[in-house]
Amino acid sequence: MPARIAVVASLAVLAGSVCAVRRMVVLRRALDAERAARRLAAGLHEQDLAAFTMRLNAAVCAQSALSQADLVLDSALADVDLEGGSCD
C-alpha cells in the first residue's frame, strides 16, 4: 500500500512538473513574440521618423525658395515706377 501511495504521489508531482514546464514554454514564446513586435515597432518608428524628417526638410527648403523668390520679386518691383516709368 505505501508503494502505491508513493507511485501516485510521484505521478502527481510529474504531472505538476509537466504543467509547469508547458506553462513556462508558453510564456517564453509569448515573451519572444512581444519582444519581436517591439523590435518591429521600433524599426518602423525610426523609418517613419526618417521619412517625416525628409518631408519636413523638403518643405522648409521649398519655403526658403519661396521666400527668396519673394525677395527678388520685391526688389525688382521696387525699381519699377507704378506710374509706368522707371525710378532711375
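Quantities reported herein were computed from a predicted structural model and do not represent experimental measurements. We count residues from 1, following the sequence as given.
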| Hydrophobic clusters join Ile, Leu, Val, Met, Phe, Trp and Tyr when side-chain heavy atoms are under 4.5 Å apart, directly or via other members; which others share one with Leu40? | Leu44

Which donor-acceptor pairs under 3.5 Å do side chains of residues 52-66 form with protein atoms, sequence neighbours excluded?
from, atom 1, to, atom 2, distance (Å)
Thr53, OG1, Leu49, O, 2.8
Asn57, ND2, Thr53, O, 3.3

Enumerate, atom names and distances included, each donor-acceptor pair closer than 3.5 Å involving a side-chain atom of residues 7-25, sequence neighbours excluded.
from, atom 1, to, atom 2, distance (Å)
Ser10, OG, Ala6, O, 2.8
Ser17, OG, Val13, O, 2.9

Do any side-chain atoms of residues 31-39 form donor-acceptor pairs under 3.5 angstrom with protein atoms, and if so which ones, sequence neighbours left out?
none

